[in-house]
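In what follows, chains are A, B, ... by sequence order, proteins preceding strands, each numbered from 1.
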Amino acid sequence: MKCPFKIFFLFTGVVFVSSCVKVLDYDIPEDEKKIVVNGIISTYNPATIYVNKSLHVLDRLEIKPIDSAIVRIYENDILVTEIVEGTKGGYFSDFTGSFGNKYLLEVMVPGMKTASATCILPEPVLIEKVDTSSELQEFFEYGYYYQIYMLKSIIAITDPETIENFYELEGTLLYKEPVYYSDMDTFYITGYRKAISNSIIRSKDPVFEYTIMGDQVLSNQNENEFIIGNKLLFSDQLINGMKYNLNVSFSSFLFNANDVTTDSMRLVIRLKSVTKDYFTYMQLLERHLQARNDPFSERAQVNTNIENGLGILAGKSESVCTLEINQTPKPE
Amino acid sequence: MIKLIKTQNFKIIGFIIFLFWGNISLISGQNSIISGIIEDAGSGEKLIGASIYTDDKTSGTISNNYGFFSLNVPAGLTVLHFSYLGYKPEIVTLHLQKDTSLNIKLVPSLLLEEVTISSDYLLKNMQSSQTGLIELPVKSLNTLPYIMGESDLLKAIQLMPGIQSGGEASSGIYVRGGSPDQNLFLLDGVPVYNVNHLFGFVSVFNTDAIRNVSVIKGGFPARYGGRLSSVIDIRMKEGNNKEFHGEGSIGVVASKISLEGPIIKDRTSFIVSARRSYLDVLAQPIIKAIDDFATVRYYLYDANAKINHQVNKNNRLFLSLYLGDDVGFYRYKDRYIYDEVKYTRQDKTGIQWGNITSALRWNSIISNRLFSNTTLTYSRYRFKLYDLDKKTTEPSRPLLNSRYSWTYLSGVTDYSIRSEFDYTPSIKHYIRFGGSYTYHDFNPGTNEYLYQGADYADMVDKHYGTRSLTASEISFYIEDDFDVTKRLKVNAGAHASSFFVRFENYFSLQPRISARYLFANNLSVKGSVANMVQYIHLLTNSSVSLPTDLWLPATDRVKPENSWQYSASVAFPVKNKLVVTTEGFYKTMNNIIEYQDGQTFLNSNADWETIIETGKGWSYGLECLVEKREGKTTGWFGYTLAWSNRQFAALNNGEVFPFKYDRRHDISIAVTHKLSQKIDLGLVWVFGSGTALTLPTQKYISALPLYNPKDNSYYLETTQNQEIEYIKNRNGFRMPAYHRLDIAFNFHKPLKWGERTLSLGLYNAYSHNNPFYIYIGNNYDWYGMGSGEPVVKKVSLFPIIPFITYNFKF
């Protein structure tokens, strides 16, 4: 929404005109540094963990990843993988989780307390049906005129009644992109290769309004306001136990590109069931970052499920629907 | 379902009733009642809180909010002393055989003589059983210095111990660790919800229209209810019923004018006052010069009006009205021709908030012992935020025409009827009782979206939030101010209230008791216990007084706030010139609300009840006030030592954290000194140790690793690849101390048609860079030069600011 940032223009103006900013000699005590663990265990991809170390808030150094950690993952209390060397802070396994199982992640860094976290992978919720149609949106902004083709989609799901569900919706386009050859002033397409691109999702569906990311979709003023993470998070607060049709529109620059969309483009819609800790983390993270622009707001304390550390261990499972798009969406 | 709040209160009430009825039996037929009205001899204004005492000072009372008094004295020869600060005392000798009516006209004291203070203020202070009461010297309000010369009632109140401001130049007040919503602002008995103009830099109360201000911080009498922390009872002038007069001022921020006079001499009078800022008018040519397409405006205005009519000897009618608004907007209109098509875009973003209060009041002296006051009131607070965007083409290109609007609305409207009675049954008792009914209509915040795209055909019209949530509030009270012995005086009573909302009915019975014991004629010790219940919450997440704060009712899901406050005080005079009052307090608050971490009213369309947390708070401290109310030099010194904490299960990991405005030491000195008949000096110095502040201690990377099946690697999710600041404790740090000196010289000059006063002064005279807020930033200056390392930065608002104000009276 653009209004939240505009409404304070008068107040900010008053402050700006009359204020004076000075560097303050202020003592922020040195606390013990913490292991920072960001990891995803899912049913569809190998587990990936990223490890770094926190720094004092006034430290001039860049935050550097840690490659010397030992990372262990336990499934239902049985060790399933151990990774002893990281690459630029990343620790990869060939282990993939299963929904309903409990996972324990342990990260050991020499000289620091062992950090650990647990999660239970949620059960995926099936995408039952997707109906699509194409639409064209035209924009005239600040002297620029442009059109965007979009794929309107109605995604049917049934939310399980007995448990709290948290979702992440994203769309990925698989396509073939041209390989160019150029001589002095001419480009030639010599062939095509496989490529992947995230789709932008827009929606006016109220189900998304319960998340920060969902809130962004309400405005139609600015393209950038739709694309945070190319995904929308939502909970079942409004649709618990219901059969529900999610109304979204997928768009991509590929829909407007004449040279790439002629051959078998596919849109992969992924409805991910995510853990509550991760969902809360994403919400608080967003609010935390937003509050940076508002010195009068209380900064959100970002949650963590890492014991003796910071960061988040996310658990995800997914339900996938792939649509064949044989031609660019055009208005009907 | 009826929910009782604190059922054990009934036992306490039972005890109070026992005391009450045990003493009421002392009604004696050998006494006479003297009753009447005390008024200003020059203007006919009724004097609130004037003292009436017998010669031996064993019996006495004070006039009520309408100037009425009723005193039960033994029959026979009686000498009565009538006094009021700033007026010549009056002594009346009577030989009483029967009940007598007596209207007293006190003459203003033109010369500020160094009168011994035992005459009025000390006596009232010593005799009253009320703790935590401050009567603001209204006459000296205009003498004190204020930012940009705009005299401000709330900024004067902030100078009292136990009361502090929210921030630099803010009108928000925080009383004994409470939040701003816990203050009941009554303007002629009508609640005012938002008391801020100009984002809190100016309060809505025009000092020219104010007659009397009482601030109660603790030991609340039973007649008050509905808020936890304070009652600020503001009474407007009634208007001179003898002569036509006016006053006004021309200042840097705003100008104001006030007119008063008789409509029917000695019977009907009026007062009208109005104020408007004009920075927008002055700034408009500059804005136009910078950007011809843009218009930016901000202005405030308010107006007070009151008519009072003496129907007959015993009945009076009052009609009072207040209305005020803040209006700000940014408008942009752009025209553009492209490919022989004229494109027009109009964008308007604005903000508006304001109050309306009105009251129709009927005073009646039913008998010498019984006075009644019945009031019908209407009050409305409304806040609106909007953004409109319209695109048109000529000749029309349908796909490019669109209209978008977003409006956010919140507010509260009250309709109320209230009846109050003052009853003097015997020499030892002064009973007050009454009841009220209020119908609340809340708009807890609604978002309305309208989008018409593609030639206005594709229409989206969405509405989020609750447009109207109604509630009914009924309250009754009874209190008795009675002399148990010559030295011991007790004010005991109870306030019962019921709040009906969404099929939920909350009932509360709130006991109140305060007592005073006179150890000697000049040493008074007081104590009080008060239970308060508040059915209305204010949801705020900002440290400045923004109108975006939401007024919300208690509901079936969000319980009413309640508090217990215990206080004890000692008051004594020093050399018959100063009054020293020392008071300690301990206050607990339950069911107070806060936004969930990071939530604001804007970033969610969720129902407000789902985005708040409920918790508790407590505060305690010691206050000292030294006052000098008469003589060439008047003023006060206030010191507060206090602690205030909060605890919410879902905030700060459930741990206790300091309240944002927890300030350990607070000192204020306010002095006015008459240098000569033509010149006086006003001086204010304030010092406050740092308030609580949230700062991060560490930082780390938030990126989640995403798996890339293409090359069996991972990449960091770029939109989240940002530094997170680790906040160990909410409000775990402290701002630097705040201190400031303001000074004003007032030059008075009598003119043919009246008097003018020219005020010259300095706000923040030694230009101390006080902290407005603190943040972590990078070490760059305005020109982008610097090392770029992370540093703590302090933003200060106002350096030394000179001001000039021209005041006139006729």
Side-chain angles (χ1 to χ4, degrees), chain A residues 1 3-4 6-7 9-11 15 18-24 26 28-29 31 33-34 36 38 40 45-46 48-50 52 54-58 60 63 90 92 138 140 143 204 209-210 212 215 218 220-221 228-229 284-285 287-291 295-302 310 314, chain B residues 199 298 328 330 336 343 349 351 385 387 391 399-400 406 449 451 460 541-544 597-598 600 602-606 694-705 707 714 716 719-720 722 724-728 769 772-776 779 789-799:
Chain A
M1 235 180 264
C3 268
K6 287 173 74 177
I7 58 163
F9 67 95
L10 289 167
F11 184 75
V15 172
S18 55
S19 65
C20 150
V21 182
K22 282 194 172 173
V23 173
L24 192 65
Y26 197 92
I28 297 178
D31 284 345
K33 305 292 184 297
K34 292 173 181 284
V36 181
N38 289 300
I40 300 174
N45 273 338
T48 50
I49 313 295
Y50 175 68
N52 64 78
S54 63
L55 290 178
H56 186 270
V57 71
L58 298 182
R60 294 187 67 173
I63 296 170
F92 317 107
E138 298 194 354
F140 178 75
K204 294 185 175 82
E209 289 153 19
Y210 276 80
I212 294 298
D215 207 24
L218 285 167
N220 53 24
Q221 293 296 296
I228 294 177
L284 290 175
L285 174 62
R287 291 177 203 158
H288 179 87
L289 297 175
Q290 274 188 2
F296 309 111
S297 277
E298 194 65 49
R299 183 76 62 89
Q301 287 171 285
V302 180
L310 297 168
Chain B
F199 301 98
Y298 181 89
Y330 164 83
Y336 180 83
Y343 298 88
T349 301
I351 186 169
L385 196 61
D387 184 28
K391 296 169 196 164
L399 288 176
L400 294 178
W406 170 75
Y449 298 88
Y451 175 64
V460 176
N541 69 338
S542 184
S543 54
V544 289
D597 259 345
T600 72
L602 281 167
N603 69 6
S604 175
N605 292 307
T694 302
L695 280 178
T697 53
Q698 296 187 38
K699 58 186 176 184
Y700 61 100
I701 292 286
S702 72
L704 279 161
Y707 178 72
Y714 85 105
L716 294 176
T719 51
Q720 291 144 31
Q722 298 196 47
I724 300 182
E725 290 171 341
Y726 170 59
I727 295 161
K728 190 176 177 186
N769 286 321
F772 184 55
Y773 66 87
I774 282 176
Y775 68 101
I776 306 265
N779 193 10
E789 64 186 323
V791 288
V792 180
K793 286 189 166 182
K794 175 180 79 170
V795 177
S796 304
L797 268 192
F798 301 119

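In this structure, NE2 on A/H288 lies 5.0 Å from CD on B/E725, to the nearest 0.5 angstrom. Between A/K22 atom NZ and B/K793 atom NZ the span is 13.0 Å, to the nearest 0.5 Å. The CG atom of A/L24 lies 10.0 Å from the CD1 atom of B/I776; values are rounded to the nearest 0.5 Å.
Contact annotation for A/V23: both backbone and side-chain heavy atoms come within less than 4.5 Å of a heavy atom of chain B. Heavy-atom distances place the side chain of B/L695, and not its backbone, under 4.5 Å from chain A.
Within the 3.5 Å criterion, the main-chain N or O of A/R60 finds no donor-acceptor partner in the side chain of B/E789.
Two residues are said to be in side-chain contact when any heavy atoms from C-beta on lie closer than 4.5 Å; B/Y700 and A/V302 meet this criterion. A/L285 is listed as a side-chain neighbour of B/I724, based on a closest heavy-atom distance under 4.5 Å.
Remark: B/K699 pairs with no residue by the salt bridge (Lys or Arg N to Asp or Glu O under 4.0 Å) rule, at least two apart or across chains. Evaluation of the salt bridge (Lys or Arg N to Asp or Glu O under 4.0 Å) rule for B/K728 yields A/D31 as partners, not counting sequence neighbours.
Between B/N769 and A/C20, the shortest heavy-atom distance links the atoms OD1-SG, 4.2 Å. B/T697 approaches A/I28 most closely through the heavy-atom pair CA-CG2, 4.0 Å.
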